[in-house]
Amino acid sequence: MSLFNKVSGAALVLGLVFSVAHAQEKKLTRKQLPPAVEKTVARESEGATIKGFATEVENGQRLYEAELMVNGHHKDISMNRRGVIVEVEEEVSMDSLPATVQDGLRKAAGSGTIGMIESLTKSGKLVAYEGHVKTGTKRSEIQVGPQGEKLKRPE
């Protein structure tokens with residue numbers, strides 16, 4: 001097999017992998033939500049503006065996400081089919097965070113500029129803070145633990 005064929009085949013496989021991974025999230029309408037998810041959305045969205053809904057499979061489990069605006073900030077709620085909240089990502093301001101968390105985020109961002117910061121709560125427990133960082137033209141995400149510590153693995 002020639003080098004060209006090997007490189008072309010590898011590029012094709014990578015393209016398929018990325019297109020499948022990207023295709024996992026699917027936009028939904030409210031009418032398409034399972035009844036238990038709709039019930040949770042109705043409760044959690046009181047006083048909020050609903051921006052949209054999506055579904056995706058994470059770690060073999062189908063999750064439903066509601067994207068909300070609450071008092072001018074973003075809040076995304078992920079639920080399982082039974083309407084049980086699995087994860088909440090909620091926008092927070094840098095100055096609302098403890099100094100140790102601010103320092104941890106700045107250290108993780110390096111020379112990058114931190115944009116939106118979100119708290120990540122799983123099963124009702126704060127597990128991390130996530131910052132959206134821009135370094136030149138590159139965008140990335142950083143995470144620190146609830147006390148600003150470096151995480152052993154991303155949440």
Practice prompt. Find out whether I85 and S78 are in side-chain contact, i.e. whether some heavy atom of one side chain is under 4.5 Å from a heavy atom of the other.
Written response: no

Worksheet, complete the sentence: The side chain to side chain donor-acceptor pair (under 3.5 Å) partners of T29 (sequence neighbours excluded) come to Q32

Item to complete: Would you tell me whether E91 and H73 have side-chain atoms, one donor and one acceptor, within less than 3.5 Å of each other?
Response: no

Fill in: Euclidean distance, I117 CD1 relative to E89 CD, rounded to 0.5 Å
14.0 Å

Worksheet entry | Contact check, side chains of D76 and V88, non-hydrogen atoms, under 4.5 Å | no

Worksheet item: Which residue pairs pass the side chain to side chain donor-acceptor pair (under 3.5 Å) test with at least one member in residues 36-50, sequence neighbours excluded?
Response: R30-E38

Practice prompt. For D95, enumerate each residue passing the side chain to side chain donor-acceptor pair (under 3.5 Å) test, keeping only those at least two apart in sequence or located in another chain.
Written response: S93

Fill in: Counterpart residues, salt bridge (Lys or Arg N to Asp or Glu O under 4.0 Å), relative to K27 (two or more places apart)
E25

Without placing hydrogens or testing angles, list every side-chain donor-acceptor pair under 3.5 Å for residues 119-134, not counting sequence neighbours.
from : atom 1 : to   : atom 2 : distance (Å)
S119 : OG     : E90  : O      : 3.4
E130 : OE2    : Q143 : NE2    : 2.9
H132 : NE2    : E118 : OE1    : 3.3

Worksheet item: In Å and rounded to the nearest 0.5 Å, what is the NZ to CD1 distance from K75 to I77?
Response: 5.0 Å

Worksheet entry | Residues that E149 engages under side-chain contact (heavy atoms from CB on, under 4.5 Å), provided they are two or more places apart | P146, Q147

Practice prompt. Walk me through it: do T100 and V144 pass the test side-chain contact (heavy atoms from CB on, under 4.5 Å)?
Written response: CA-CA 10 Å; T100 56; V144 297; over 6 Å; no

Worksheet item: Who passes side chain to side chain donor-acceptor pair (under 3.5 Å) against E65, sequence neighbours left out?
Response: none

Fill in: Nearest heavy-atom neighbours spanning L33 and L28
CD2-CD1, 4.0 Å

Worksheet item: Would you call V37 and F53 a side-chain contact if the rule is heavy atoms closer than 4.5 Å?
Response: no

Fill in: Test side-chain contact (heavy atoms from CB on, under 4.5 Å) applied to V84 - qualifying residues, sequence neighbours left out
N80, R82

Practice prompt. Test T55 against Q24 for side-chain contact (heavy atoms from CB on, under 4.5 Å), laying out the working first.
Written response: CA-CA 8 Å; T55 184; Q24 277 186 331; over 6 Å; no

Worksheet item: Do you know the tightest heavy-atom contact between S111 and T135?
Response: OG-CG2, 4.0 Å

Worksheet entry | Side-chain (Q102) to main-chain (M94) donor-acceptor, under 3.5 angstrom | yes

Practice prompt. Give the other cluster members for L151, using side-chain heavy-atom distances under 4.5 Å between Ile, Leu, Val, Met, Phe, Trp and Tyr residues; answer none if it is isolated.
Written response: none

Discussion item. For R139, give me all partners under side chain to side chain donor-acceptor pair (under 3.5 Å), at least two apart in sequence or on another chain.
Written reply: none

Discussion item. Pair M69, H74 - check side-chain contact (heavy atoms from CB on, under 4.5 Å), show working.
Written reply: CA-CA 5 Å; M69 285 296 285; H74 294 93; 3.6 Å; yes

Worksheet entry | ILVMFWY cluster membership beyond M116 - transitive side-chain contacts under 4.5 angstrom | none

Worksheet item: Under the 4.5 Å side-chain heavy-atom rule for ILVMFWY, direct or indirect, which residues accompany L63?
Response: V86

Worksheet, complete the sentence: Closest heavy-atom pair, V70 versus A48, reported as atoms and distance to 0.1 Å, is CG2-CB, 3.7 Å

Item to complete: Working to the nearest 0.5 Å, report the span between NZ of K107 and NZ of K150.
Response: 8.0 Å

